[in-house]
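A, B, ... follow the sequence lines: proteins, then strands. Residue 1 opens every chain.
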Amino acid sequence: MTATKTPTERPPAQRVVRRAGDRLFAGSAKGSGIFILVVLAGVAAFLIGEAIPALTAPAEDVPGGEGLSGYIAPLVLGTLLGAVLALLVATPLAVGIALFVTYYAPRRIAAGLGYAIDLLAAIPSVVYGFWGLAVLAPALVPFHVWAADHLGWLPLFAGPASTSGRTMLTVGLVLAVMILPIISAIAREVFSQAPALHREAALALGATRWEMIKMAVLPYGKSGVIAGAMLGLGRALGETMAVAIVLSGGAGATLNLISSSNPSTIASNIALRFPEATGLGINTLIASGLVLFVITLAVNMLARWIVNRRADFSGAN
Amino acid sequence: MAKRIEVSDLNIYYGDFLAVEGVNVSIEPRSITALIGPSGCGKSTFLRSLNRMHEVIPGARVEGKVVMDGQDLYGADTDPVDVRRHIGMVFQRPNPFPTMSIYDNVIAGNRLNGKKMKKAESDDVVERALRGANLWNEVKDRLDRPGSGLSGGQQQRLCIARAIAVGPDVLLMDEPCSALDPISTLAIEDLMTELKDRFTIVIVTHNMQQAARVSESTGFFNLNGVGQPGRLIEFNPTEKIFSNPDQKATEDYISGRFG
Amino acid sequence: MSTSTQSPTRVAEEPGGAIRRNRRLPRYAPLGLYVAGIALGAVLSALTGFSIALTAVYGAVLGTLAVYTGARAVEGRRKATDRLVTALVTTAFAIAMVPLVSLVYTVLDKGLARFDAQFFTNSMFRVVGEGGGAYHAVLGTVVITAVTAVISVPIGLLTAIYLVEYGTGRLKKAITFFVDVMTGIPSIVAGLFAFALFTLLFGNDVRLGLMGSAALAVLMIPVVVRSCEEVLKLVPNELREASYALGVPKWRTIVKVVLPTAVAGLGTGITLAVARVIGETAPLLITVGLVTGTNLNPFDGRMATLPVFAYYQLTQPGTDTQAFLDRAWTAALVLIILVMVLNVVARLISRFFAPKTGR
């Protein structure tokens, strides 16, 4: 055996002869990946470019006459209100559904039940709007009346109760149904991955099924559920058609969930106003879209960060 | 046809990690060379460096020379893809292409390279390769069936047929029998003894009896400890290795006194 | 593992003692108690004028309570909690099924009125009241979705190939992360992007089918990338090695070995991605608009699409309101059918194109 060089002094990288086909193929694959990054940057750039006229325009020229921030602020409030309401309703339900499908439903039908929940995600949002308008809104009118009578002391239920049901409350519930499959899909995945060893250990200690879930499944799945909820929140923030159809909005800032005057949301406001908008109106709407883009981007990046951090840890233990 | 491989001062790295250090060996044509040694000693890595298969792993590189009948396999103008056409490889687990029939699996090396062949010509290649792999009689009536439908031992012989259909000079075998039952193993060993008339064969094996049964020369790889590079401790005729090895470490390993 | 609130000594109450006899509720008792609760709920809701919704609410609460107290009395606290959670979890699932069933029922109920030949053979050209159809919108949706797929599939598939077969280091990480982020872009923002892009290129007031496709592509590409990436990762490395060892270049290995092995999964993923964008409304609303006549050229002017058609029929009914509403619901029904068909096709692809084992 001959003495060898120390591994630290590295020779120049091996020159690899590459054929034209390989170069072409690898290049186009890499190019596609880079193209996606360019598109994403382009989305941001073009939105900013088209929003600038609205950012620099004098306040009285912006629709509404109170400047850009005066125009967008109530929309942001409406967007957050509906999405947070949806999140509060959907998350506990989604966790329950996920537990039911993974640990409670009979094995034979569990997959089918999971598929039924997934179907909820496949239905186009415009159809949800139809349903919310035609079925859910009228069905909730009695609840609106009841809430105004009994919970009126809360600002959220100050009333007067809407007679059509086309309120932020109804919108929140429609959005909850729409994000339910997103959250429950992720929750289902993490719950089913809870280490069998921990689960069996809990059962071997004499735990009931719920104690086993509390000890071995929920701690394991917590961050997954949070990440799923964030993704659902992102979807609810950006949802357009269902809100545009159901909500009778545009009344400025209010926390009242059940009256007939509601703030609109950014996305639905764009959908409703854009087809007739001209000039600075378009720029203003695009500026509001930019705000929505930034909000959802932040929420989604946070969610992905949680998911990825979890993925880093799940392999080892 | 069968060619000699000269390896000199070969170091193999994964990134900054030196996996195999300072290998000097000459592998004879028309013979079977066995590589033995404990797990993680770098014998598979060394084997894969002989047809540049280790380059599939990002960050892997070598220093030193591998020369096959005068041609430097790591020369600046050597195409690694072409190296692999001359030096075939059979893997630990049989891996026929699941989307292809038995026939297509055998002809895959030619067809995947876009070589245009007449039907009669490719029929001929398939039959010769399958006969060469002692598989023809078992599969000649079902050449259009999926290759993954065969038994494990048949699949491995199919993989050998696939490798020799390309017309290589050297066959590398990375523990080709470790996933097979004893009878299939025997069939593969018989096949190797037949094939050595036409090819240079290098086989990595965990099974010392197998090395003793089939090979003319044997190399023993070992490493001093975890994180240390693997080294070729001894390379000698098989008989000598198993009866009177030069090195103490070899003797310890052969007689089971290692680890 | 987190520390449990339940101390182990409590789990095994009598160490060394005999195994206790099980004090259990009879098998169907919990279900019976739950049903009894619902019946009581029905009675309660009848006091204030019977309603199904109130019955369900009262019933779920009372049924759960009944199961809990029943179990508590017979089986003890721990068992009772277990039963309580079972009831809650099952109720959660039932609640989620309500909107699905209600939605499907409503769309069928209202959509079947105009689910006729005329709907699929007539456009809305010069129709102001009854009659007319969505011929133009169905074909428009097909054209725009097809163009979207033509843009998205190559880019998405190649990117997935890059991530699985070639990608290393920073660029791979960046692409993976931003593809994930891109799946969260609101559809309306994708529409605004396409609008801003084409306005810069072609001036104001441009409306093209192609704009809609560009917007949908922004939504579809990340879905294609993610699903194709997952599928390509499933292709065993051994097959790639087998191919390399035969002296096959990497790109031919990918095209002739990896992709054919994964074709079933790729087909399924791409079909589901199409299903995901075919019902998108918002981006089309602001980029493609709507016309009453048939325009199948994505490079020339506004086009009709099914979701936008449905939206406008519902929200801007003309003189004969019922005719417009009927068309809107039928369009919604057709949309759901399209999505469901795509979902079924996706499942069939994965069943029939999976590699055959021959055993």
Participant: Using heavy-atom distances under 4.5 Å, tell me whether L172(B) contacts chain C through its side chain, its backbone, both, or neither.
Facilitator: neither
Participant: Give, for atom CZ of R252(C) and atom CG of L112(B), the distance between the pair rounded to the nearest 0.5 Å.
Facilitator: 8.0 Å
Participant: Taking everything shown except Y14(B) itself, do over 12 heavy atoms lie less than 6.0 Å from its OH?
Facilitator: yes
Participant: Of the listed residues (T253(C), V263(C), L246(C)), which shares the most heavy-atom pairs with chain B below a 4.5 Å separation?
Facilitator: L246(C)
Participant: Which of these passes side chain to side chain contact (heavy atoms under 4.5 Å, CB included) with P98(B): V257(C), L239(C), V235(C)?
Facilitator: L239(C)
Participant: Determine the option with the most heavy-atom pairs under 4.5 angstrom with chain C, choosing from R162(B), R111(B), H86(B).
Facilitator: R162(B)
Participant: Please answer whether the main-chain N or O of E238(C) pairs with a side-chain N or O of N95(B) as donor and acceptor at a distance below 3.5 Å.
Facilitator: yes
Participant: Would you say CD1 of I183(B) has more than 12 non-hydrogen atoms from neighbouring residues, nucleotides or ligands within 6.0 angstrom?
Facilitator: no
Participant: Which bit of D82(B) comes within less than 4.5 Å of chain C, counting heavy atoms only: side chain, backbone, both or neither?
Facilitator: neither
Participant: Mind listing the closest non-hydrogen atom pair of E241(C) and M53(B) along with its distance?
Facilitator: O-CE, 3.5 Å
Participant: State whether the side chain of R84(B) and the backbone N or O of G247(C) hold a donor-acceptor pair below 3.5 Å, judged by distance alone.
Facilitator: no
Participant: Can you name the nearest heavy-atom pair linking A242(C) to F91(B), along with the distance?
Facilitator: CA-CE1, 3.8 Å
Participant: Look up atom CZ in F97(B) and atom OG1 in T261(C), then write down how far apart they are to the nearest 0.5 Å.
Facilitator: 8.0 Å
Participant: Measure across P249(C) and N113(B) and return the closest heavy-atom pair with its distance rounded to 0.1 Å.
Facilitator: CD-OD1, 3.3 Å
